[in-house]
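Notes for the one structure printed next.
As a basis for the values below, the full set of heavy atoms in this structure was taken, side chains included, without hydrogen atoms, waters or symmetry mates.
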Amino acid sequence: MVNITLKDGSVKSYEAGTSILDIAKDLSEGLARNACCGMINGEVVDLREGVTEDCEVEICTFDSPEGKRAFRHTASHILAQAVKRLYPEAKLAIGPSTDDGFYYDFDDMAFNPEDFEKIEKEMKKIVKENLPIERFELPRAEAVKLMEEKGEPYKVELINDLPEDAVISFYKQGEFTDLCAGPHLMSTKYCKAVKIMSVAGAYWRGSEKNKMLARLYATAYTKASDLEAYLNMLEEAKKRDHRKLGKELGLFCILDEGPGFPFFLPKGMVLKNTLLDYWREIHKKAGYVEIQTPMMLNRQLWERSGHWDHYKENMYTTKIDDVDFAIKPMNCPGGMLVYMQEPHSYRDLPIRAGEIGLVHRHEKSGALHGLMRVRCFSQDDAHIFMTPDQIKEEIKGVVALIDQVYTLFGFNYHIELSTRPEDSMGSDEDWERATAGLKGALDELGRDYVINEGDGAFYGPKIDFHLEDSLGRTWQCGTIQLDMQLPERFQLEYTDKDGEKKRPVMIHRVCFGSIERFIGILIEHFAGHFPTWLAPVQVKVLPISDKYADYAKKVEAAFEDAGVRVETDHRAEKIGYKIREARNERVPYIVVVGEKEAEDNTLSVRCKGEDLGSYKLDDFIAEIKEEIKNKTKRW
């Protein structure tokens with residue numbers, strides 16, 4: 001008998017060799033029906049895997065990342081099987097799962113979108129056939145022979161790259177056999193909701209020296225309704241694409257003269273500066289000071305920080321007076337130099353130093369994407385220098401600040417605590433103390449969080465904030481990283497109560513992350529309909545005709561005097577057309593003025609297509625000022 005510790009901590013005994021699937025059946029028939037794979041001591045395995053010793057076991061359904069990967073990896077094999085049935089001449093390359101679905105690469109094929117329906121129909125036929133999926137292993141020589149017989153040169157190449165003594169695993173479903181490490185479902189019958197999304201070219205093994213293959217991107221869900229919801233979300237995301245809206249709303253552009261280097265237009269600068277004003281406001285209240293460090297510093301500094309050796313391929317470099325310099329990819333080393341400008345006592349700590357620093361990082365052209373992935377961006381960095389016993393309280397303060405920011409914009413978020421990686425620096429004692437400080441702060445705040453084992457930075461553990469936008473997509477923005485290594489590299493010191501010189505502990509942290517990326521997320525989250533306090537234009541005044549131009553100017557001046565961002569449309573166009581145009585510009589409030597309004601000193605107000613009725617000019621100005629001041633949202 002072997003003892004199995006389950007996810008809830010309970011322990012059950014089974015005969016040695018009992019499969020993960022049988023354990024699932026014993027726990028619940030429903031769990032067994034929904035199971036996609038399992039985990040033994042944290043390692044993902046097939047449901048057919050037998051348990052041979054005492055261990056921890058977890059059953060993974062489609063709701064888990066591991067379950068999704070196993071489910072969609074199975075769907076990728078179904079896709080490959082369908083293609084081979086329809087196009088026997090196709091050569092198989094690779095077909096992994098991805099975050100949103102899966103893909104499979106084929107040689108000797110040129111797919112068109114018109115082919116998708118035919119392939120999907122064949123995939124559904126394979127699902128209906130309920131083909132058992134079987135795993136088997138072969139020695140390397142036999143594995144090569146099998147793939148040669150099937151005419152699959154790419155599989156042969158993959159096998160030949162494995163060690164000679166390797167045992168190679170395959171998965172078989174009906175007439176189809178594929179080289180694969182797994183895991184997979186037990187049968188094809190579960191992949192009922194599948195959709196081929198697109199076709200693209202992809203170099204074999206990602207090298208432009210190799211042949212270009214045809215890559216089919218697809219996705220799969222357990223239910224047709226979930227697939228439909230995903231496809232609807234993608235359609236909505238297209239409408240909200242920040243690159244499209246950024247151009248339509250006159251916020252930013254990225255030109256051929258500077259790939260990855262965004263140009264912010266006047267309205268985009270209003271949006272960006274409003275965000276930065278808010279950042280400065282909340283940081284001043286939280287006891288931060290603001291600094292600015294140079295954009296370019298010499299090689300000696302980057303060698304001292306470790307970036308020259310570990311990050312140089314992502315840095316832009318030049319020479320000044322025969323000395324190597326680098327444009328900063330991060331603000332941290334400059335922050336170290338600021339700390340070193342004067343001696344510090346324990347009484348000075350914590351020091352919270354914030355910086356809106358423009359950083360540059362070389363990204364490959366294929367990775368660039370609007371504001372989401374750029375080559376220069378403003379990072380809302382802050383470095384907090386503290387004593388070891390201040391760690392917990394400082395972490396709590398940063399968590400509260402980040403929560404304040406995300407709550408204001410209506411984001412839900414979840415927290416991950418990433419622990420010590422294998423290639424870390426520092427002593428066991430330092431890491432234990434740092435990790436305990438982060439955990440303790442989150443526990444005392446009553447925050448739920450997920451432990452991300454081994455995914456911390458090499459210099460310290462970290463807390464990452466993954467926010468969820470209005471379409472349910474997640475973005476990693478805020479982070480808190482505890483660093484005990486840079487203070488050591490720069491020999492930072494403070495004088496403690498006992499008169500001894502000691503090393504401060506340092507936190508790196510961001511709220512927005514990249515300001516540019518955060519703006520891109522906000523554009524898509526709000527679909528361009530920014531809350532009034534953030535909108536580049538808060539009120540649009542529309543006179544019905546030229547007769548009321550003077551009153552419109554008076555209204556505009558009143559808003560300007562009140563500090564409200566306002567524009568007036570004086571074009572000789574019909575009022576219906578001007579209203580539609582203003583709505584397309586996503587202006588929060590549209591104010592129509594005509595004869596009645598001019599006589600009564602009133603406004604006819606609309607908000608997001610809704611007619612709010614008539615307002616006295618002064619009353620509406622008072623209302624909108626209150627809305628902007630409190631950063632509330634009326635709609």
Can you tell me if Lys267 uses its side chain to pair, donor with acceptor, with the backbone of Gly250 under 3.5 Å? no

With Thr177 as reference, evaluate Lys150, Glu134, Lys155 under the side-chain contact (heavy atoms from CB on, under 4.5 Å) test and give the passing residue. Lys150

Indicate, with yes or no, if the rings of Tyr104 and Phe102 have centres closer together than 6.0 Å. no

Enumerate the residue pairs fulfilling side chain to side chain donor-acceptor pair (under 3.5 Å) with a member in residues 112-121, sequence neighbours excluded, ordered by first and then second residue. Tyr87-Lys118

Trp204 backbone acceptor or donor facing Asn210 side chain under 3.5 Å: yes

Test your reading of the model: is there a side-chain donor-acceptor pair from Thr61 to the backbone of Ala35, 3.5 Å cut-off? no

Quick one: which of Trp279, Trp475, Phe512 gives a ring pair (Phe, Tyr, Trp, His ring centres under 6.0 Å) with Phe518? Phe512

Would you please say whether a donor-acceptor pair under 3.5 Å links the side chains of Glu453 and Thr419? yes

Only one of Val510, Val398, Ile402 passes side-chain contact (heavy atoms from CB on, under 4.5 Å) with Thr479, and that residue is Val510

Strictly below 4.0 Å, N to O, side chains only: are Asp469 and Arg473 in salt-bridge contact? yes

Pair Tyr449-Asp443, side-chain donor/acceptor within less than 3.5 Å: yes

Could you tell me whether Lys578 and Glu581 have a side-chain N and a carboxylate O separated by less than 4.0 Å? no

Glu627/Tyr589 under side chain to side chain donor-acceptor pair (under 3.5 Å): CA gap, chis, key distance, verdict: CA-CA 12 Å; Glu627 182 180 343; Tyr589 291 102; 2.6 Å; yes

Hey, is the main chain of Gly174 close enough, under 3.5 Å, to the side chain of Lys172 for a donor-acceptor pair? yes

Salt bridge (charged side-chain N to carboxylate O under 4.0 Å, His left out) partners of Glu175, counting only residues at least two apart: Arg85

How about Arg509 and Gln481: do any of their side-chain heavy atoms sit closer than 4.5 Å? no

Do Cys37 and Asp46 have side-chain heavy atoms sitting under 4.5 Å apart? no

With a 4.5 Å cut-off on side-chain heavy atoms, are Thr219 and Leu227 touching? yes

Are the aromatic rings of His184 and Tyr171 close, with centres under 6.0 Å apart? yes

Test your reading of the model: is there a side-chain donor-acceptor pair from Asn41 to the backbone of Glu56, 3.5 Å cut-off? yes

For the pair Lys91 and Glu152, find out whether any cationic side-chain nitrogen is under 4.0 Å from an anionic carboxylate oxygen. no

Could you check if a side-chain atom of Met39 sits within less than 4.5 angstrom of a side-chain atom of Ile20, using non-hydrogen atoms only? no

Between Tyr221 and Tyr230, does the ring centre distance come in under 6.0 Å? yes

Just so I know, are the side chains of Phe176 and Leu92 near enough to count as touching, which here means a heavy-atom distance under 4.5 Å? yes

If only side-chain N and O atoms count, and only distance matters, is there a donor-acceptor pair under 3.5 Å linking Asn130 with Ser187? yes

Lys12 bridged to Asp26 by N-O distance under 4.0 Å: yes

Across all chains, not counting sequence neighbours, the ring-ring contact (aromatic ring centres under 6.0 Å, His included) partners of Trp533 are Tyr278, Phe409

Exercise: do Glu416 and Asn452 side chains pair donor with acceptor under 3.5 Å: yes

Would Asp22 and Tyr14 count as a side chain to side chain donor-acceptor pair (under 3.5 Å) if you check the C-alpha gap in whole Å, the side-chain angles of each, and the deciding distance to 0.1 Å? CA-CA 10 Å; Asp22 286 335; Tyr14 296 93; over 6 Å; no

Using a 4.5 Å cut-off on heavy atoms from C-beta on, say whether the side chain of Leu371 contacts that of His242. yes

N/O donor-acceptor pair under 3.5 Å between Arg240 side chain and His525 backbone: yes

If the threshold is 4.0 Å, N to carboxylate O, is there a salt bridge linking Lys239 and Asp241? no

Determine yes or no for a side-chain-to-main-chain donor-acceptor pair under 3.5 angstrom, with Asp611 supplying the side chain and Gly613 the backbone. yes

Whether the Thr98 and Arg72 side chains hold a donor-acceptor pair (N or O, under 3.5 Å, no angle test) is what I'd like checked. no

Please answer whether the main-chain N or O of Ser10 pairs with a side-chain N or O of Asp8 as donor and acceptor at a distance below 3.5 Å. yes

Report yes if some heavy atom in the side chain of Asn584 is under 4.5 Å from a heavy atom in the side chain of Glu248; otherwise report no. no

Could Glu129 and Lys189 be called an ion pair, given the rule that one side-chain N must be under 4.0 Å from one carboxylate O? no

Might you work through the side chain to side chain donor-acceptor pair (under 3.5 Å) test for Tyr413 and Asp403, ending with a clear yes or no? CA-CA 9 Å; Tyr413 64 89; Asp403 176 74; 2.6 Å; yes

